[in-house]
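What follows is a single structure, written as structure tokens, with notes after it.
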Amino acid sequence: MHKWKTATTAAMAVLAGVLMAGAHPAAGIARAGTGGHGSPESGPERFERQKPAWHRCRNGSADAVGGQLDDAGARCAEITVPLDYNRPDGRTIKVALARLPATDPQRRRGALLYNPGGPGVPAMPFILKLGQAAPEVAARYDLIGMDPRFVGRSTPLNCGWPVSAVGSAGPDRRSFQRTTTLAEDLASRCAVHRDMLPHASTRNTARDMDVVRAVLGEPRLSYLGSSYGTYLGAVYLQLFPGHADRVVLDSALDPHLYGPDLTRTAGPAVAAALERWAAWAAHRHGRYRLGSSPAEVLATVNRISRAADRHPLRVGGHRVDSRVLPMLLWNVTAGDDTESYAAFAADVRVLHDAARGMKVTPTPILDEVIPGLDAPDADGYVSAQTAIQCADRAVSRDPEVYYRDIRAHRADEPLFGPLTRNLTPCSFWPVGPAEPPTRIGNDVPVLMVGAAGDPAATYTGQIAMHRALTGSRLVTLRGAFRHTVYAGLFSRRNTCIDKVVDRYLLNGVLPARDTVCS
């Protein structure tokens, strides 16, 4: 996948879950003790005594990911876990995983489970990317990719949503009401899965991880988590502190805020990323004609926004209204390198011309992204992501709470406030969480890395996680406005960060104190 497209997708995932998933969940559900590898003995311990049946990963000729895993020497399996860990004798589901064996088996030191974020991102294909990006780590560890429950190949959940994003609340009460109606409709379409929705939580995914650890025969599990994967890792540490080996959290989320409205406080960080890009674009006014100073470039963006508030912009055969435009502008978070900035500047140039009533041809990125924001969630990716968030933390079910919040911040967050502070389908969810949010607070040794200007995992959130994990060391990449920093997995790599992470994973050496990379 093209770097810009990958980064754009990741940025939108934080906001609206524009990603992918699988088929109807009923196919993977059984009664405990009636199938799979589980023993008929009662109690949750029996799930840990399963013997996985490893097999080829490819499911048919059209399964490109499975074919790539097979070609790399990976093997796949499915394990049985309880739908509800409080009722281990009840219904069960299947969780799928892939294992890429250590390339230097004589020096193998254990299993490293990788979660690339989301929530709701299928993890199995990303072990290939990790193995290529960090070959020394891949030499010493079996790399494990586990699709979280209800995601990818793990008993996938699909609500059949007609669109993939609620989007921005827009400029006024009328536009806010349109998004409210949309969010309520999306939530109602998930009611058919109400028996499973409460159990989609991160807590249960962490419990599934520990079953995987036991099934693999590992006394302790090493872990790398990016973005949402940092919250999953923190929950695992809280539930199973004695089962964690070497843990790396890349671009940590605030554990006290994580949930459906995590993005509520992200507006200023995204605005800061936009300002950083504006300074870059101002130095290239001759090419992009967006303004010769950062202030002029930002004024151009504001003119585009005001125009979209008045009437939809015509971008080729597409229409960009006040609900969609902030999601396009959010793409400034895709990266802080020249390629990403240039692609974003080209998009803004087209949007500016459209705002002035000119006939424009969309860039290839706009031509793909704009229809995607209104496309059906055909594979159920976004509904699965939303189900995880709704199961993790309850939110206000009163639309007026959100509208008042948006109005209170229109002056200081005019571009992104109506987007980040808008309600989600969780305000109308058919069921509430089965458990309260996990309270993070322990002293397990952990390595944390992240960028000071991260627009998705804000630095204040990283600090909050660092303070909750009192045994952690934080390495900060200063002067960077990118999301995730290790090994170039989702943004350009930094040698200093890579050395710190590799030293810890390979030799177990944590920095003596918090430090910085530049």
Side-chain angles (χ1 to χ4, degrees), residues 21-55 57 75-99 111 113-115 118-124 144-158 193 195-221 223 225 229 231-233 235-240 243-244 380 384-385 387-388 391-392 433-435 438:
H24 193 279
I29 296 180
R31 296 290 302 182
T34 62
H37 303 288
S39 161
E41 303 172 31
S42 61
E45 294 79 10
R46 75 182 188 280
F47 295 100
E48 299 180 358
R49 292 192 284 271
Q50 298 176 71
K51 300 298 182 184
W54 297 102
H55 55 75
C57 299
R75 285 296 179 263
C76 292
E78 297 76 41
I79 65 169
T80 302
V81 296
L83 174 65
D84 180 357
Y85 276 86
N86 290 320
R87 299 179 60 204
D89 297 325
R91 298 171 71 179
T92 63
I93 59 175
K94 296 290 187 181
V95 169
L97 61 149
R99 179 175 65 182
L113 191 146
Y114 176 47
N115 183 279
V121 173
M124 292 169 63
I144 308 298
M146 181 192 84
D147 285 359
R149 54 172 53 203
F150 308 137
V151 173
R153 302 189 186 196
S154 293
T155 315
L157 183 151
N158 190 337
H193 304 298
D195 56 339
M196 295 197 303
L197 296 178
H199 310 297
S201 67
T202 299
R203 286 175 68 90
N204 280 332
T205 298
R207 290 163 174 147
D208 296 342
M209 282 173 52
D210 203 57
V211 173
V212 168
R213 175 203 59 78
V215 167
L216 293 176
E218 300 289 341
R220 297 200 299 167
L221 183 69
Y223 179 79
Y231 180 69
L232 173 59
V235 172
Y236 183 80
L237 290 175
Q238 197 65 33
L239 297 181
F240 306 100
H243 293 173
Q385 179 186 62
I388 295 168
D392 275 337
E435 300 176 275
T438 306

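Here the structure is a predicted model, which means the values were calculated and not measured. Values reported hereafter were calculated over all heavy atoms of this structure, with side chains retained and with hydrogens, waters and symmetry mates removed.
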Next on the checklist: With side chain to side chain contact (heavy atoms under 4.5 Å, CB included) as the criterion, how do Gln50 and Val211 come out once you've worked through the C-alpha distance, each side chain's angles and the decisive distance to 0.1 Å?
Outcome noted: CA-CA 9 Å; Gln50 298 176 71; Val211 173; 4.1 Å; yes
Next on the checklist: Between Asp208 and Tyr85, does the side chain to side chain donor-acceptor pair (under 3.5 Å) criterion hold? Intermediate values first, please.
Outcome noted: CA-CA 9 Å; Asp208 296 342; Tyr85 276 86; 2.6 Å; yes
Item to check | Residues Thr155, Val95; criterion side chain to side chain contact (heavy atoms under 4.5 Å, CB included); working and verdict | outcome: CA-CA 7 Å; Thr155 315; Val95 169; over 6 Å; no
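Between Thr92 atom OG1 and Ile79 atom CD1 the span is 11.0 Å, to the nearest 0.5 Å. Summarising the geometry, atom NE2 belonging to His199 is positioned 7.5 Å from atom CG belonging to Asn204; distances are rounded to the nearest 0.5 Å. A distance of 5.0 Å separates CZ in Arg203 from CG in Leu239, rounded to the nearest 0.5 Å. Note that CE of Met196 and CZ of Arg91 are 7.0 Å apart. Values are rounded to the nearest 0.5 Å. Separation of atoms CG (Asn115) and OH (Tyr231) is listed at 13.5 Å; rounding is to 0.5 Å. In this structure, the separation between CD on Glu48 and CG on Asp210 is 6.0 Å, given to the nearest 0.5 Å.
Between Glu435 and Ser201, the closest heavy-atom pair is OE1-OG, 4.4 Å. Residues His55 and Ala77 share a closest heavy-atom pair of NE2-CA, 3.8 Å. Of all the heavy atoms in Gly145 and Met124, the pair that sits closest is O-CG, 3.3 Å. In this structure, Pro198 and Ala434 approach most closely via the heavy-atom pair O-CB, 3.6 Å. The two residues Gly233 and Tyr223 come nearest to each other via the heavy atoms CA-CE2, 3.4 Å. Of all heavy-atom pairs spanning Pro433 and Ala391, the tightest one is CB-O, 3.3 Å.
Judged by distance alone, with hydrogens and angles left aside, the side-chain atoms of Asp147 form no donor-acceptor pair with the main-chain N or O of Ala96 at under 3.5 Å. Between the Thr205 side chain and the Pro148 main chain, no donor and acceptor come within less than 3.5 Å of each other. In terms of modelled atom types and a separation under 3.5 Å, the side chain of Arg149 and the main chain of Leu83 share a donor-acceptor contact.
Here Arg207 does not pair with Asp84 in a salt bridge; the nearest charged N to carboxylate O distance is not below 4.0 Å. By the 4.0 Å N-to-carboxylate-O rule, Glu78 lies too far from Lys94 to be salt-bridged with it.
Here the rule is side-chain contact (heavy atoms from CB on, under 4.5 Å) with Met209, and of Leu221, Leu97, Ile144 only Leu221 fits it.
In this pair, His243 and Phe240 present their aromatic rings parallel. The plane angle is below 30°, not in the 30 to 60° band.
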